[in-house]
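The structure appears below as structure tokens.
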Amino acid sequence: MIARTVLLALLPVAGVFGFSNTIPFVAWSSKSSNVLDRLSPSTHPNHDALLESITKDESICSFDAIFVIDHPGLHNSDLRGLHPSCGVSTAIQNAPSSRQLPHVERKIVSKDSLPEGIASQCGFALVGIRPENGEWSFDGNKKHILTMSMPPIEGPVKHRKIVMSEHEQLIAGALEKLAVLSPSHLVLYSGSPLLSQKRQLSEFDPDYDFSSEDDDPVFYANAVVAPADGSIFQRYQLLTPALIISLLVVFVILIPVLVLGITALASIQSPLRSEAPSGYSAHEKKVQ
């Protein structure tokens with residue numbers, strides 16, 4: 001009984017912190033790929049281990065282009081809120097091979113070496129592009145690995161939906177260009193920690209250098225962020241799904257069980273004194 005009570009008490013904590021420090025990871029390819037087919041969709045891997053397993057696969061060099069998209073602040077709920085007919089959703093649904101991992105553990109200070117590793121392993125040309133870029137120019141004699149960093153996404157739920165819709169259009173436009181220039185391609189789309197999270201953690205990790213994140217101030221100045229005015233509910237997302245579930249568990253399960261136990265203990269009654277049975281005489285018992 002005590003163990004069950006302890007488990008019920010820890011359930012809200014697990015609901016709140018169970019998916020902390022996790023990011024969504026989505027990958028799809030224009031042809032059947034062992035790189036993605038070997039990834040189990042039911043696992044919750046570490047981000048670094050996931051990228052290492054992708055890099056070590058020999059078939060990754062068979063693609064003409066690999067498109068790596070980094071989206072700071074991306075949540076799994078942002079991807080679930082996309083319209084089924086949008087460009088990104090359609091590309092994933094129509095892909096011969098695809099994997100969607102909603103909760104991949106990722107450290108805030110982890111540094112990705114996937115593009116550089118694949119470029120050196122397969123002899124790809126490393127090209128960095130911007131979401132708002134116009135025409136792409138490829139060297140027809142080389143294979144390419146493309147990296148694109150999206151503007152950060154943050155703020156309350158309604159604001160995130162609007163921003164995510166705008167970002168999805170940029171990604172869909174880039175995917176259309178990729179399909180024209182390189183029919184054989186692999187797309188790796190994942191979230192990453194926000195710059196503010198990296199700055200806060202740098203106070204505890206002096207060896208972490210985030211200066212490279214600030215090399216493009218115009219990029220972050222033009223990023224769409226949450227509005228600074230308005231009430232606290234408009235600026236911050238206070239009632240998250242995990243918090244709502246935790247409150248329901250506490251008020252629907254734990255508190256009724258506690259009240260029932262206290263009521264049962266209070267209803268226990270014991271006689272104030274013991275009465276002798278009928279016909280019993282203490283004097284006769286003493287004489288005998």
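Only a predicted model underlies this, so the values are computations on that prediction, with no experimental measurement involved.
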Q) Is the count of non-hydrogen atoms from other residues, nucleotides or ligands lying under 6.0 Å from K31 atom NZ greater than 12? A)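 Correct, the count exceeds 12.
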Rounded distance (nearest 0.5 Å) linking atom [atom1] of [X] with atom [atom2] of [Y]:
| X | Y | atom1 | atom2 | value |
| --- | --- | --- | --- | --- |
| R80 | L82 | CZ | CG | 11.0 Å |
| T22 | N76 | OG1 | CG | 8.0 Å |
| L265 | S267 | CG | OG | 7.5 Å |
| T147 | L188 | OG1 | CG | 12.0 Å |
| L175 | Y189 | CG | OH | 10.0 Å |
| M150 | S192 | CE | OG | 11.5 Å |

Ignoring hydrogens, what is the shortest heavy-atom contact between [X] and [Y]? Give both atom names and the distance.
| X | Y | value |
| --- | --- | --- |
| T55 | I60 | O-CG2, 4.3 Å |
| S30 | P96 | O-CG, 3.5 Å |
| L194 | E154 | CD1-OE1, 3.8 Å |
| V259 | T263 | O-OG1, 2.7 Å |
| L74 | I153 | N-CG2, 3.8 Å |
| R99 | D37 | NH2-O, 3.3 Å |

Does the side chain of [Y] come within less than 4.5 Å of [X]'s, by heavy atoms?
| X | Y | answer |
| --- | --- | --- |
| L146 | I69 | no |
| V68 | I145 | yes |
| Q169 | S165 | yes |
| V250 | L247 | no |
| L186 | L36 | yes |
| P193 | P72 | no |
| S97 | W28 | no |

Q: Answer with yes or no whether the hydrophobic clustering places M164 together with I162; edges join I, L, V, M, F, W, Y residues whose side-chain heavy atoms lie under 4.5 Å apart.
A: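 Different hydrophobic clusters.
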Q: Flag yes if L178 and V180 sit in one hydrophobic cluster, no otherwise; membership is Ile, Leu, Val, Met, Phe, Trp, Tyr, and two members link when side-chain heavy atoms are under 4.5 Å apart.
A: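 No; V180 is not reachable from L178 via cluster members.
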Q) Mind checking whether H167 and H71 have parallel, tilted or perpendicular rings, split at 30° and 60°? A)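 H167 vs H71 ring planes: tilted.
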Hey, is the main chain of [Y] close enough, under 3.5 Å, to the side chain of [X] for a donor-acceptor pair?
| X | Y | answer |
| --- | --- | --- |
| T90 | G87 | no |
| S98 | A95 | no |
| S120 | G117 | yes |
| H185 | S182 | yes |
| H144 | K142 | yes |
| D78 | H75 | yes |
| S89 | C86 | no |

Q: Could you walk me through whether L258 and I255 pass the side chain to side chain contact (heavy atoms under 4.5 Å, CB included) test, one step at a time?
A: CA-CA 5 Å; L258 181 62; I255 292 182; 5.6 Å; no
Q. After noting the C-alpha distance and the side-chain angles of F67 and M148, does the key distance pass the side chain to side chain contact (heavy atoms under 4.5 Å, CB included) rule?
A. CA-CA 8 Å; F67 192 18; M148 183 174 73; 3.7 Å; yes
